[in-house]
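A quick write-up on the structure given underneath.
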Amino acid sequence: MNFLQRTLALFVLLLVSASAQGPPRFGGEGPPRRPGDDSAAPEGRGGGRGGMRGMMMMRMAPVMRALDKDEDGEISAEEIAAAPTQLATLDEDENGILEGGELAPRFPGRGGRGRGEVEGEPVKPEDLEFEDGTASIPNRETFKKLSYQGAEVLVDTHLSGMEFVKFQIEKADTDHPDLYFINTKTHRGHPMFMGAVNIEMLGRGDERESQMRGVLIYRPMAKAPNGEPGVYTFEYEPNDDYAFEAIDMSRNLLVDKMPLLKGRVGYCPLSRDSVARYVEETKQYEDADLSVYFEEDLLGDIAFLPLNPAESYGRLRILAEDTLPSARDIVLCKVLPNEMPRTAGVVSAVRQTPLSHVNLRAIQDKVPNAFIAGIAENPEVQALLDKNVYYRVSADGYELREATVAEMEAHLSARRPKEIQVLPSDLTKTSIRPLKDLNFSDSHSIGVKAANLAAMHQLGLPSNMIPKGHAIPFYFYVTFMQHNGFDVKAKKLIADVSLADDREGLQDELKDFRKKIKKGDFPDTLRAALNELQNVFDEGTSIRCRSSTNNEDLQGFSGAGLYDSYTHHPDEGHLSKSIRQVYASIWNLRAFEERAFYRIDHLSAAMGVLLHPNFSDEIANGVAVTDDILYQTDGSYYVNTQIGEDLVTNPEQASAPEEYLLDWRRSDKDRLMRASNRVSSDKEILSESKRDELRDALGTVHAEFAKLYQKKIDDPKFAMEIEFKLTKEGELAVKQARPWVY
């Protein structure tokens, strides 16, 4: 058997072995598996990003490229039969042996040249075809045309999902260096580009100092050196540890060839050696005003936060205390309000949490919302105040420009349903029932909020974690409205055409209607049932009465902040007082306008009430999502926690909660992204033990509700949001679970 035959036999043996063991896995453990996911890895995943890299490298190998003629990543029987002939084509010196450069990977590029091979003179930067790259980047649009953003990043796994352009500096150790901006859509790696433009790849050693291979990354959320949102960081290969002079030269060269980098660029040292050298040379960096960024800088000092990417049209207004914005207004918030009616968009000058009611409203209303540092003082934005504008928020920035009335009207009209929508409600369930006797399928009679809390009692969570309570069905609300003639009053109010264009008049009418509802009477049988319910709770217990309508906590519509909940204290008399207050909130302006926008039949809206003992004097409260909805990391839960009763969803002004990314499985991988400003800087609200309890609960909630909602556990568009407390006894309590609205 000659060498070519032995090579073929070995390769076929490897293929047979790989097929027997399932899809090949190259370099890495693959994507993180969710807790509760006992399913096998999806067929063809190949080990996630590592598998993708390995498969790409395998396809670059000469043996694979020679055999796999149809480039489908598999060796067919026909291709195996043709293997001796195909392998012989690799034997360039015709000695019957494949060795050295004949087996070296051939990186894609013009001519398919391999590492270090050069044919002809290098192409000068100014002579580059755009398909390969360019000598300069005059504007942001050109950067975007050259950049790549996705998962196919070869060995640069930390670049996955980021927008970046690779660059190369030749003759870096001379007074006249050449800078190449690489078309990274075409050439994902430096070797591919170098093969295409006849540049020799230099190895380690003194001559390597003349060749600097780097990457320029756009980070829209981080604060630039000039204080504005959006910074570009440049870095070099992990083993490089260039001296300050080289880094400063490359910074100046990048700014010269890409002017928009002025005041917006910084160096990011990657390796231990490069960090150590920076520490030694810090004074030189400071004297040269050369900004240096580490990971904590890029994640902590945020100047732009795209809380809800979307686009909209409306009139740009500053949200003052005495203003009532409408669905036609884009509001600029200098402080964050606790309540927000429907608007066309939110521009915030103060940092928000993604879990605030303001942002949840933006998500459910599908309108743009972003925190933008310094936006209130921006002269271009000030010139747009009280004008019709187009507002767009995306992952890499925002746009505000003047718009026409026609644009605005067309946009609003297209977003509304064409037909009246009637909300379903089951009125056949007429009794108040304890949560332990209810389940997920009871939502049509008691509302999703109550049904989901009931379902959590059946998930195997610790018994003291989920509040015990009761649910009042929709039947009570509908009967109460009919008994008092409020259903007739509601019909007249809805039919009053004079209120269609009189928002203040509508607000006054609704306020008067709510007063009447709060003074209404319950039929004797219902009043007796409420009295019996009140007596179930221990004497002296304050009872939390929470709205649970058929118009909130739905998949695709959270309804967060639309309705009101109340606490009934022992000295307030009959429980019916607080129940009527909850009922009245279905007729507040923000809820009425929300239903009107979606053409929902107001009379089909029904209110259930969830009741359980009130939490008081809690140590902390928080909100968590079973996905990283902000930083988009893999395998993390996103958690906000605040001390005491300062709610995460409705924070006090200038309140900043503790922000954590909890790893799905391990506490040593948890990351504190921002500390609460309500505690000392060295104190964490969630201890490691409480994070572990919360982590376990989140895994269970996600896995079990995925089944209830008939979703795959790894569906990228499914997550659950929970609200939790640390009680005054220090116990973790989960009081709500609902689908996160993407």
Side-chain angles (χ1 to χ4, degrees), residues 308-315 325-331 340-346 357-369 388 390-393 403 405-426 443-444 447-449 474 477-478 487 490-503 506-507 509-510 547-563 585-608 709-710 717-718 738-742:
N308 192 47
E311 63 178 350
S312 187
Y313 293 83
R315 183 177 57 152
S326 73
R328 294 174 175 269
D329 293 329
I330 292 172
V331 294
M340 181 76 78
R342 167 174 279 278
T343 66
V346 180
H357 274 162
V358 171
N359 190 52
L360 294 179
R361 283 300 309 272
I363 291 172
Q364 72 188 28
D365 295 346
K366 298 179 176 61
V367 299
N369 179 25
N388 294 325
Y390 167 72
Y391 176 38
R392 178 182 62 85
V393 171
V405 173
E407 285 180 303
M408 185 169 71
E409 293 298 333
H411 176 79
L412 290 173
S413 177
R415 296 194 55 221
R416 299 185 66 198
K418 302 301 180 185
E419 305 293 334
I420 297 294
Q421 302 183 76
V422 178
L423 300 174
S425 58
D426 179 3
S443 61
H444 289 309
V448 174
K449 185 181 295 181
F474 296 151
Y477 169 78
V478 173
D487 57 333
K491 289 178 182 178
K492 291 181 178 178
L493 190 153
I494 295 166
D496 189 345
V497 294
S498 68
L499 299 176
D501 297 315
D502 182 4
R503 195 163 182 245
L506 174 62
Q507 186 178 24
E509 287 292 330
L510 289 171
S547 66
S548 182
T549 71
N550 57 356
N551 190 211
E552 61 182 326
D553 293 352
L554 309 174
Q555 293 189 80
F557 186 85
S558 75
L562 288 184
Y563 310 105
S585 72
I586 207 168
W587 296 100
N588 63 52
L589 181 66
R590 61 183 182 276
F592 188 92
E593 288 187 330
E594 192 74 5
R595 294 193 298 270
F597 185 88
Y598 284 107
R599 302 189 195 279
I600 291 172
D601 177 13
H602 295 285
L603 298 176
S604 69
M607 178 72 77
Y709 282 109
Q710 299 181 338
K717 290 297 184 182
F718 175 76
R738 61 185 170 196
W740 177 257
V741 179
Y742 282 91

Listed by chain and number, what are the side-chain contact (heavy atoms from CB on, under 4.5 Å) partners of Lys366, not counting sequence neighbours?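 Checked Lys366 against side-chain contact (heavy atoms from CB on, under 4.5 Å); matches are Arg415.
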Could you list the residues that satisfy side-chain contact (heavy atoms from CB on, under 4.5 Å) with Glu509, not counting sequence neighbours? Lys489, Leu493, Leu499
Rounded distance (nearest 0.5 Å) linking atom CG of Leu510 with atom CZ of Arg590: 11.5 Å
Give a yes or no answer on whether the side chain of [X] reaches the backbone of [Y] with a donor-acceptor pair at less than 3.5 Å.
| X | Y | value |
| --- | --- | --- |
| Asn550 | Ser604 | yes |
| Ser312 | Val367 | no |
| Tyr313 | Ala406 | no |
| Arg416 | Phe597 | yes |
| Arg595 | His602 | no |

Listed by chain and number, what are the side-chain hydrogen bond (donor to acceptor under 3.5 Å, both in side chains) partners of [X], not counting sequence neighbours?
| X | answer |
| --- | --- |
| Asp365 | Arg342, Arg361 |
| Gln421 | none |
| Gln507 | none |
| Ser413 | none |

Are [X] and [Y] packed together at the side-chain level, in the sense that at least one heavy-atom pair is separated by less than 4.5 angstrom?
| X | Y | result |
| --- | --- | --- |
| Leu360 | Trp740 | yes |
| Ser547 | Met607 | yes |
| His444 | Phe474 | no |

Which of parallel (below 30°), tilted (30 to 60°) and perpendicular (above 60°) describes Tyr709 and Phe718? tilted
Is any side-chain N of the basic residue among Glu552 and Arg738 closer than 4.0 Å to the acidic one's carboxylate O?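 Salt bridge: no.
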